[in-house]
Amino acid sequence: DELRKALEAGGSKSLGEVQALAEARYWADNAGIKVQNDRILAGELPTEASTVGTVGCEAGFDGRSQQLMMALPVREIVNETNEPNEMNTVMRNPKRPLGE
């Protein structure tokens, strides 16, 4: 949803900004998991897990633009398709795989 919003706004937000917005929304929607994780980290709950339901992000380097992926504007990422309207279709129907 955050990626779609960023693209609808022109795509100038970076991948890192979109990820941060999505993570903030995740934690807002899952406040109970955040409380549980805080209790696990504080040693209040007996468990072998270090946390549950955590969000992570791994990003590399875009050789074409010579930028970190997290700094790349999202419009640069979605324009990699050969079909000019394919990403618009995917954003309207995210369960539709690319190329169909």
Side-chain angles (χ1 to χ4, degrees):
D1 199 38
E2 302 307 326
L3 178 58
R4 179 188 52 77
K5 290 177 189 176
L7 291 170
E8 288 174 352
S12 62
K13 285 187 178 167
S14 71
L15 181 59
E17 290 171 312
V18 171
Q19 191 276 332
L21 290 169
E23 183 174 353
R25 184 170 151 209
Y26 172 83
W27 288 121
D29 290 348
N30 298 283
I33 293 174
K34 175 76 169 104
V35 169
Q36 183 175 357
N37 282 341
D38 291 344
R39 291 185 68 203
I40 289 171
L41 294 171
E44 297 173 11
L45 294 176
T47 181
E48 291 182 20
S50 58
T51 57
V52 295
T54 55
V55 178
C57 181
E58 298 291 329
F61 187 78
D62 179 49
R64 182 180 46 83
S65 67
Q66 299 294 300
Q67 294 184 64
L68 293 174
M69 289 297 293
M70 294 298 280
L72 201 63
V74 293
R75 70 175 167 266
E76 297 294 322
I77 297 165
V78 298
N79 287 335
E80 292 299 318
T81 180
N82 291 328
E83 299 295 324
N85 295 318
E86 187 167 16
M87 185 52 68
N88 289 332
T89 303
V90 171
M91 295 311 293
R92 283 193 305 275
N93 184 5
K95 294 186 179 179
R96 177 191 169 272
L98 283 173
E100 284 189 4

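The first residue of the sequence shown is numbered 1, and numbering continues consecutively from there.
- Between Gln67 atom CD and Leu72 atom CG the span is 5.0 Å, to the nearest 0.5 Å.
- Annotation for Leu21: hydrophobic cluster partners, listed by chain and number, are none (ILVMFWY side-chain heavy atoms under 4.5 Å, direct or chained).
- Nearest approach of Ala71 to Ser14, heavy atoms of both residues: O-CB, 3.6 Å.
- Counting only residues at least two apart or in different chains, salt bridge (Lys or Arg N to Asp or Glu O under 4.0 Å) contacts with residues 7-23 comprise Arg4-Glu8.
- With rounding to the nearest 0.5 Å, the separation of CG in Leu15 from CD in Glu76 is 12.0 Å.
- In this structure Asn30 satisfies the side chain to side chain donor-acceptor pair (under 3.5 Å) test with no other residue, sequence neighbours excluded.
- Scanning both residues, Val18 and Ala6, for their nearest heavy atoms gives CG2-CB, 3.6 Å.
- Residues forming a side chain to side chain donor-acceptor pair (under 3.5 Å) with Ser65 (at least two apart in sequence, or on another chain): Asp62.
- Here the side chains of Ser12 and Arg75 are in contact, with some heavy-atom distance below 4.5 Å.
- Annotation: salt bridge (charged side-chain N to carboxylate O under 4.0 Å, His left out) contacts of Arg25 (sequence neighbours excluded): Asp1, Glu2, Asp29.
- Other residues sharing the hydrophobic cluster of Leu68, ordered by chain and number and joined by side-chain separations under 4.5 Å: Phe61.
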